[in-house]
Protein chains: 2
Amino acid sequence: MSFKQEKQLAASRARVMKALAHPTRIFMVELLAKEKLSVGDLTDAVGADVSTVSKHLSQLKEVGILIAHKEGNRVLYSLICPCILDFIHCIDDIIFQDAEKGLSCVLPGAKIPQREIHISCE
Amino acid sequence: MSFKQEKQLAASRARVMKALAHPTRIFMVELLAKEKLSVGDLTDAVGADVSTVSKHLSQLKEVGILIAHKEGNRVLYSLICPCILDFIHCIDDIIFQDAEKGLSCVLPGAKIPQREIHISCE
DNA sequence: TGGTAATTTGGCAAAAACGCCAAATAGAGT
DNA sequence: ACTCTATTTGGCGTTTTTGCCAAATTACCA
């Protein structure tokens, strides 16, 4: 792969990564891993302005993480690729490690939910 | 887990995610997955200002993705948690999907490198 | 057709991220 | 101590992201 192509790939990856790089958006992705939810549902769940939530969802849809379909009055969002969850849980390993080193900012005492499939971090 | 704790966890996750959400930083992480490299090595590899590269590396170190150790004159960085790679490759699934839908911005013809362990997307 | 609820869009001000320069720091060799 | 190389840090202008408001859009229902 050429240098230019490698850069391009990194840019694509960063684009997707960036869509996930926000507390509210990560939170919503996790909720959507369990079930389809409407914009209103998510707005209630995360406690932010509807328009803000809508824009966050657009970003996630834009990069292909979420898909939307209308159901009557509402728009239901759902997670396209469940592997995103493994993804997030891999991050948890890092957070956990950080916590052990006193580096992190996880709330002391907060338990990071266990996952079934563990991608071990050495 | 309380609402506040969930928010906190999402914030921690976003913090790590954000560190990865940059083309240059992702690129460097991938290089570092293969071998330890110095700031100078990476600067040459990515083609950016040294100070910029140094700051990018700091960010990755800050959140516990990289570790640094001095070797004589230089500072060698290396990847702490190899699962980051699975992580990145999961993103590739999304990019690939996007490409199929004509949504993405991957260079046409660019082959996304195959990985051994496939976390399938549905 | 008018009204209402759900969602998206445009706009804008505040905050954060970026990248380069110049200056400071740290180590190796002379 | 002096120099050279490697790296980090401070500063600063530019760009991007964020979040709220108000206005527009869409679908349902009377």
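Basis for what follows: all heavy atoms, side chains included, without hydrogens, waters or symmetry-related copies. Below, chains carry the letters A, B, ... as their sequence lines are ordered, and counting in each starts from 1.
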Helix axis bend for the helix from C:dT1-D:dA30 to C:dT30-D:dA1 - C1'-based end axes, five pairs, 10° rounding: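 Between the axes fitted at each end of the helix from C:dT1-D:dA30 to C:dT30-D:dA1 lies an angle of 20°.
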Bounds of contact between DNA chain C and chain B, in 5' to 3' order, using a heavy-atom cut-off under 4.0 Å: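 Contacts span C:dA17 to C:dA28, reading 5' to 3'.
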Residue pairs, two or more places apart or on separate chains, that pass ring-ring contact (aromatic ring centres under 6.0 Å, His included) and touch residues 4-59 of chain B: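 Every pair satisfying ring-ring contact (aromatic ring centres under 6.0 Å, His included) with a residue in residues 4-59 of chain B: B:H22-B:H56.
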A:Q59 or A:K70, whichever maps to the more 5' nucleotide of DNA chain D: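 Nearer the 5' end of the strand: A:Q59.
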Residues within residues 16-27 of chain B bordering DNA chain D, heavy-atom distance below 4.0 Å: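 None - not one residue of the stretch has a heavy atom sitting under 4.0 Å from the strand.
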Near-strand residues of residues 71-78 of chain B, defined as heavy-atom separation under 4.0 angstrom from DNA chain D: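 The stretch gives B:N73, B:R74, B:V75, B:Y77 as the residues lying under 4.0 Å from the strand, ordered by number.
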Less than 4.5 Å apart, side chain to side chain, heavy atoms only: is that true for [X] and [Y]?
{"X": "A:I94", "Y": "B:C81", "result": "yes"}
{"X": "A:K36", "Y": "A:H69", "result": "yes"}
{"X": "B:S78", "Y": "B:L32", "result": "no"}
{"X": "A:L37", "Y": "A:Y77", "result": "no"}

Worked check of side chain to side chain contact (heavy atoms under 4.5 Å, CB included) between A:I80 and A:L66: CA-CA 5 Å; A:I80 295 184; A:L66 300 183; 5.6 Å; no
Set of side-chain contact (heavy atoms from CB on, under 4.5 Å) partners for A:N73, sequence neighbours left out: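 Listed in chain order: nothing, the list is empty.
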B:D49 CG to D:dG10 C1', straight-line distance once rounded to whole Å: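 After rounding, the reported distance stands at 14 Å.
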Steps toward side chain to side chain contact (heavy atoms under 4.5 Å, CB included) verdict (A:V53, A:D49): CA-CA 6 Å; A:V53 170; A:D49 191 272; over 6 Å; no
Distance below 4.0 Å between A:H56 side-chain N/O and D:dT17 OP1 or OP2: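 Indeed not, no polar side-chain atom of A:H56 lies that close.
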Residue-phosphate contact under 4.0 Å: B:S54 side-chain N/O, D:dT8 OP1/OP2: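 Affirmative; the distance criterion is met.
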Sugar-phosphate only, base, or nothing, as touched by A:K55 at under 4.0 Å among non-hydrogen atoms: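 Counting heavy atoms under 4.0 Å across all strands, the contact made by A:K55 includes a base.
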Reported CE-to-CG distance for the pair A:M28 and A:L79, which is rounded to 0.5 angstrom: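 Output value for this atom pair is 12.0 Å.
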